[in-house]
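I have placed the structure first, in the form of structure tokens, so that the comments after it can refer back to it.
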Protein chains: 2
Amino acid sequence: MTRVLVVDDEPQIVRALVINLKARKYEVDAAHDGASALELAAARHPDVVLLDLGLPDLDGVEVIRGLRGWTRVPIIVLSARHSSDEKVEALDAGADDYVTKPFGMDELLARMRAAIRRAEPVAGEDESTVVTEGFTVDLAAKKVNRDGTDIRLTPTEWHLLEVLVRNAGRLVSQTQLLQEVWGPAYRTETNYLRVYLAQLRRKLEADPSHPRHFITEPGMGYRFEP
Amino acid sequence: MTRVLVVDDEPQIVRALVINLKARKYEVDAAHDGASALELAAARHPDVVLLDLGLPDLDGVEVIRGLRGWTRVPIIVLSARHSSDEKVEALDAGADDYVTKPFGMDELLARMRAAIRRAEPVAGEDESTVVTEGFTVDLAAKKVNRDGTDIRLTPTEWHLLEVLVRNAGRLVSQTQLLQEVWGPAYRTETNYLRVYLAQLRRKLEADPSHPRHFITEPGMGYRFEP
DNA sequence: GGGGGGCGTCAAGACTCCGTTAGGACTGGC
DNA sequence: GCCAGTCCTAACGGAGTCTTGACGCCCCCC
């Protein structure tokens with residue numbers, strides 16, 4: 001669950017925020033001065049901090065610096081002051097966003113979501129490796145690994161492999177392969193395919209003469225089977 | 001240098017932004033509709049996007065989605081609309097910040113700095129040093145150590161090493177290397193790569209003629225293996 | 001059972017690409 | 001204005017890659 005640290009010295013505001021956040025399934029901690037804010041942040045490791053600038057003990061900017069000394073947790077400043085200088089100072093001290101009171105709760109929540117999303121590690125899209133029983137193809141790193149050792153492929157071999165792997169399981173026609181790898185002028189040079197498919201099989205198949213992953217569909221094309 | 005993409009259909013606003021940003025040593029590209037914004041973003045890889053929501057062709061939110069399909073570049077929305085719904089929609093679509101016109105230039109710049117800082121890779125303690133058997137690269141301190149002594153690298157050598165090390169294990173194409181180190185106009189000068197790779201190997205490899213860490217993939221590019 | 005098209009295999013020449021070297025141009029510091 | 005360091009550029013030999021043609025096999029169709 002996402003954890004939020006609310007820092008404000010006005011009890012009403014804290015209460016309003018806490019109620020709203022808990023209703024949306026956030027886990028909420030609250031501090032009403034700078035010192036306890038820093039303590040709570042260290043103890044609870046929140047995913048986002050909502051920070052009022054007007055605290056009784058520390059200047060809000062000091063709190064930001066204190067946090068930035070050891071964490072990159074998103075900090076959203078809440079402040080009644082509209083002055084441009086204050087905003088610049090807080091942002092340059094390390095704040096991520098600056099919202100002036102009074103603010104709409106919807107907007108604040110959207111800004112929180114944006115800040116949290118941004119802080120997430122790049123999770124997705126890294127699924128660029130294809131694994132078979134015999135070998136592993138890493139499309140991003142342009143690497144092929146077999147039995148723990150990297151296999152060297154020539155540019156043409158790699159290009160051909162890439163087209164086949166990106167269409168894993170599907171039949172790719174000879175015309176399409178030739179066009180993608182050698183260009184539109186070579187759409188009839190089926191010779192090339194035979195030569196390079198053989199080389200790929202020799203480098204990657206356990207038994208090159210009985211391929212299991214690079215299947216020939218006579219008269220039609222080739223298919224890569226993971 | 002930090003690159004900014006400004007997207008707005010009102011020429012005055014674009015002009016004002018461009019002047020202000022260039023005065024502060026940002027590199028600026030400008031687009032006046034959504035389609036060219038997406039194109040420019042793909043071509044130039046900006047470090048931050050300033051996006052007006054009211055574009056002639058696409059809805060601003062569509063532009064955000066288009067960008068978020070392939071990049072996490074910070075997007076700061078500039079809009080004349082104060083409605084909370086609009087803000088929520090833009091932020092949830094993937095925007096990082098939402099500034100309502102008219103805005104103070106100081107504040108916008110501070111929000112830009114915050115967005116850019118946040119997007120920076122975790123430079124500190126995390127994994128800013130890469131260690132191999134022969135040498136150690138400290139990306140944060142810009143230092144290379146070998147057998148206890150620091151190795152001096154020229155700016156170009158360092159830049160090249162940095163790109164390779166940041167993509168450790170992955171293959172980096174010659175085009176990408178040339179573009180990152182020398183700029184888009186030099187994408188075909190593979191000469192440079194050969195010369196500077198040789199210098200890097202001479203300074204860092206135990207046996208420069210049989211490199212173990214700076215691997216050549218003929219016809220494709222180079223790869224740094226830790 | 002014979003013929004033919006499609007496929008796998010092999011080898012050799014042409015070609016591209018890479019490592020290396022060296023010299024001249026350029027820049028910044030003294 | 002000189003000097004050291006750095007960058008750009010061109011050229012060459014060698015290694016690896018691509019292209020190309022030829023040959024034999026298998027399977028399908030006649």
Side-chain angles (χ1 to χ4, degrees), chain A residues 142 144 150-164 171-175 177-183 185-224, chain B residues 142 144 150-164 171-224:
Chain A
K142 290 206 194 306
V144 183
D150 286 349
I151 303 282
R152 264 189 39 74
L153 295 183
T154 71
T156 310
E157 288 165 5
W158 174 261
H159 202 162
L160 182 59
L161 175 67
E162 197 174 6
V163 175
L164 287 169
L171 173 79
V172 188
S173 74
Q174 317 192 20
T175 318
L177 280 172
L178 285 163
Q179 184 150 344
E180 290 244 14
V181 179
W182 281 272
Y186 294 76
R187 276 185 297 187
T188 55
E189 302 284 348
T190 56
N191 248 345
Y192 298 180
L193 284 182
R194 298 208 296 278
V195 172
Y196 277 91
L197 254 299
Q199 288 180 6
L200 272 185
R201 285 173 180 150
R202 200 175 318 133
K203 289 186 177 179
L204 299 180
E205 292 274 5
D207 181 359
S209 54
H210 298 95
R212 298 200 42 191
H213 302 295
F214 300 98
I215 315 284
T216 302
E217 301 279 0
M220 308 185 58
Y222 294 88
R223 183 205 330 270
F224 170 73
Chain B
K142 290 200 190 298
V144 184
D150 284 353
I151 303 280
R152 265 188 40 75
L153 294 183
T154 72
T156 309
E157 288 166 3
W158 174 260
H159 202 163
L160 182 60
L161 175 67
E162 194 174 8
V163 176
L164 286 169
L171 182 114
V172 189
S173 74
Q174 326 189 38
T175 317
Q176 188 183 340
L177 281 171
L178 286 163
Q179 185 150 347
E180 292 245 11
V181 179
W182 281 272
Y186 293 78
R187 277 184 298 187
T188 55
E189 301 286 347
T190 56
N191 250 348
Y192 301 1
L193 283 181
R194 298 207 294 277
V195 171
Y196 276 90
L197 253 298
Q199 288 179 7
L200 272 186
R201 293 204 255 241
R202 203 173 313 135
K203 289 187 177 179
L204 299 180
E205 291 273 6
D207 180 358
S209 54
H210 298 95
R212 299 202 41 192
H213 303 297
F214 299 98
I215 313 285
T216 302
E217 300 279 2
M220 310 216 292
Y222 293 88
R223 182 201 312 277
F224 170 72

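So you know, we letter chains A, B, ... as the sequences are listed, proteins then strands, and number each from 1. Keep in mind that the numbers below use all heavy atoms, side chains included, and drop hydrogens, waters and symmetry copies.
One finds a side-chain N or O of A:Trp182 lying less than 4.0 angstrom from the OP1 or OP2 phosphate oxygen of D:dT19. The side chain of B:Gln174 places an N or O atom within less than 4.0 Å of a non-bridging phosphate oxygen (OP1 or OP2) of C:dC18. Side-chain nitrogen and oxygen atoms of A:Arg194 include none within less than 4.0 Å of the OP1 or OP2 phosphate oxygen of C:dG6. Considering only side-chain N and O atoms, A:Thr190 lies nowhere under 4.0 angstrom from the phosphate OP1 or OP2 of C:dC7. Dashed line: the shortest gap from a side-chain N or O of A:Thr216 to OP1 or OP2 of C:dC7 is not under 4.0 Å. For the pair B:Tyr222 and C:dC17, the criterion of a side-chain N or O lying under 4.0 Å from OP1 or OP2 is not met. In this structure, A:Thr154 does not reach the D:dG16 phosphate: none of its side-chain N or O atoms is under 4.0 Å from OP1 or OP2.
Residue A:Arg152 has its side chain nearest to D:dT17 when only C:dG8, D:dT17, D:dC8 are considered. Closest to the side chain of A:Val195, out of D:dC18, D:dG21, C:dG8, is D:dG21. The listed nucleotides are C:dC18, D:dA22, C:dT20; the one nearest the side chain of B:Ala198 is C:dT20. Nearest to the side chain of A:Thr156, among D:dC18, D:dT6, D:dT19, sits D:dC18. Closest to the side chain of B:Ser209, from the set D:dA22, D:dG16, C:dT20, is C:dT20.
Contacts of B:Glu157 with the nucleic acid, taken as non-hydrogen atoms under 4.0 Å apart, are absent. Across all strands shown, A:Arg202 has no heavy atoms under 4.0 Å from either base or sugar-phosphate atoms. Using a 4.0 Å heavy-atom criterion, one finds that B:Phe214 contacts no nucleic acid atom at all. Here A:Tyr186 lies out of heavy-atom contact (under 4.0 Å) with every strand.
One interatomic measurement links the two molecules: NZ of B:Lys203 to C1' of C:dT20, which rounds to 16 Å at whole-angstrom precision. Atoms NE2 (B:His159) and C1' (D:dT6) sit 16 Å apart, rounded to a whole Å. The distance from atom CG of A:Leu177 to atom C1' of C:dC7 is 15 Å, rounded to the nearest whole Å. Counting to the nearest Å, the P atom of C:dG6 and the CG atom of A:Leu197 are 17 Å from each other.
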Trace of the salt bridge (Lys or Arg N to Asp or Glu O under 4.0 Å) decision for B:Arg212 with B:Glu205: CA-CA 7 Å; B:Arg212 299 202 41 192; B:Glu205 291 273 6; over 6 Å; no
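No more than 12 heavy atoms of other residues, nucleotides or ligands shown are found within 6.0 angstrom of CZ on A:Arg187.
Looking at B:Lys203, its side chain does come within 3.5 Å of a backbone N or O of B:Arg152 through a donor-acceptor pair.
Considering all non-hydrogen atoms of both residues, B:Trp182 and B:Leu193 come closest at CZ3-CD2, 4.0 Å.
Between the side chains of B:Thr216 and B:Arg201, at least one donor N or O lies within less than 3.5 Å of an accepting N or O.
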